[in-house]
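The structure appears below as structure tokens.
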Number of protein chains: 2
Amino acid sequence: MGRWKANARERLEQAALELLLERGYERATVAEITERAGLTKRTFFRHFADKREVLFSGQEALYKLFVGAIVGAPASATAIDAIGAALEAASAVFPPERRELARQRQAIIAGNTELQEREMLKRASLAAAMVGALRERGVTDPTASLAAELGGLAFRTAYARWVDPANHQEFAELARQALHELKTATSEIA
Amino acid sequence: MGRWKANARERLEQAALELLLERGYERATVAEITERAGLTKRTFFRHFADKREVLFSGQEALYKLFVGAIVGAPASATAIDAIGAALEAASAVFPPERRELARQRQAIIAGNTELQEREMLKRASLAAAMVGALRERGVTDPTASLAAELGGLAFRTAYARWVDPANHQEFAELARQALHELKTATSEIA
DNA sequence: ATGGTGACGACACCAAGTGTCATCACGCCT
DNA sequence: AGGCGTGATGACACTTGGTGTCGTCACCAT
């Protein structure tokens, strides 16, 4: 079987999504995923650092959108304004067509602890990236960490609502709502 | 309550700490840890769910202190007050004698991604527990999540300073400082 | 063609976990 | 004291994730 078609990585992602949805993360082996994709186990690990990573391939782009929007926000913008701009920019990664995919992905992650661990690490990396970007704007540390944490919470809230079948609004709108709610809660808490 | 050679779990934790400090997490095998403890690989996995877990054994107690303090806070206490009480209660787990141990543990974790993943998951579990406890007090959701996130950030800040050799204050004092800084930053951000 | 480059397959190998059964120390009962 | 049950451990085989290494084959530029 010496043939090799293009899109190996995408085929692996697709095969993984299907198989993990059918059988769950633990009951599906890497060998079975690669078999479905017409490849071998070794090739899987050339494209993904480990089995979990096949479900977290868009993260890099998300970081860049966040960081870019924060450092690119107007100089007059406050830390929270910059966070708001970041959420706005992030909306580009979550068009309505990707909602069903995101839902499936979340269903798989919800069923396995290893995947949740990976997700938590990605969250922390994103938060750290936001803190770094805010610092580049001159925001000092207690405020930078707090703003990043707030942004992360707003993002997770918006994402959870976006994935929820009960809602039909666009991500950007949900993000604006979540951030607004958190801002008012913040002023009430102090 | 069987007492065989006794202390199997503690011996495993001690052997693991030593070996992981010497060689790092990835270059030390479970078989080597158990060999040092005078036990077998199988026994290790009867005491710990996986290799990572040997470094996270005190977490259960921490959760209980947090939750207990939050639900046990006086009815007049605000959400932030309850968080403050939780941090105060958590100080019991971090006496000065445990500082060196904590430092070593953090050094090992800092050197390996899997361990950081586990730590992030524990953080998230703690945050979720705090949200649950706050809800029991009648705190509703945007505020509960925000307060829990704030508490987590204060805790991490205090812990980082407590472990830092440059500081010599007690954990409770560092926690009060961190929470106070975050409260003022919160009022400035809104 | 011709040779170089990069992606893939084949194979061996290590380490993390798990299932299963045997064994051995201890407390308890008579 | 001696037998019994229980729970912790050892022994061993097995699966799966993940890596190192080498060979092979398509593609491209010369």
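Every chain is numbered from 1 and lettered A, B, ... according to where its sequence line falls, protein lines coming before strand lines.
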### Task
Output every pair passing salt bridge (charged side-chain N to carboxylate O under 4.0 Å, His left out) with a member in residues 119-130 of chain A, not counting sequence neighbours, ordered by first then second residue.
A/Glu53-A/Lys122, A/Arg105-A/Glu119

### Query
Tell me, which pairs form a salt bridge (charged side-chain N to carboxylate O under 4.0 Å, His left out) where one or both residues lie in residues 146-160 of chain A, sequence neighbours left out?
A/Glu149-B/Arg156, A/Arg156-B/Glu149

### Task
Taking atom types as modelled, find out whether B/Gln177 and B/Glu181 have a side-chain donor-acceptor pair closer than 3.5 angstrom.
no

### Query
Side chains of A/Ser91 and A/Glu170: is there a donor and an acceptor less than 3.5 Å apart?
no

### Task
Kindly assign one of parallel, tilted or perpendicular to the pair A/Phe94 and A/Tyr159, based on the angle between their ring planes and the thresholds 30° and 60°.
perpendicular

### Query
Any side-chain N or O of A/Thr43 less than 4.0 Å from the OP1 or OP2 oxygen of C/dG9?
yes

### Task
Report yes if at least one side-chain N or O of B/His47 is closer than 4.0 Å to OP1 or OP2 of D/dA8; otherwise report no.
no

### Summary
Between CG of B/Leu12 and P of D/dA8 the distance, given in whole Å, is 14 Å

## Note on the structure
Rounded to whole Å, CZ of A/Arg11 lies from C1' of C/dC8 at a distance of 11 Å

### Message
I'd like to compare against my own output: the B/S/- annotation of nucleotides 15-20 of chain D with a strict under-4.0 Å heavy-atom distance to protein.
### Response
-SBBBB

### Task
Only pairs at least two apart or in different chains count here, so list each ring pair (Phe, Tyr, Trp, His ring centres under 6.0 Å) that has a residue in residues 46-92 of chain A.
A/Phe44-A/Phe48, A/Phe66-A/Phe155

### Task
Among residues two or more places apart or on two chains, list those pairs meeting ring pair (Phe, Tyr, Trp, His ring centres under 6.0 Å) that have a residue in residues 116-152 of chain A.
none

### Task
Please list residues of residues 107-125 of chain B whose heavy atoms come under 4.0 Å from any atom in DNA chain D, ordered by number; otherwise none.
none

### Message
Testing the basics here: between B/Pro142 and A/Leu182, what is the closest heavy-atom pair and its distance to 0.1 Å?
### Response
O-CD2, 4.1 Å

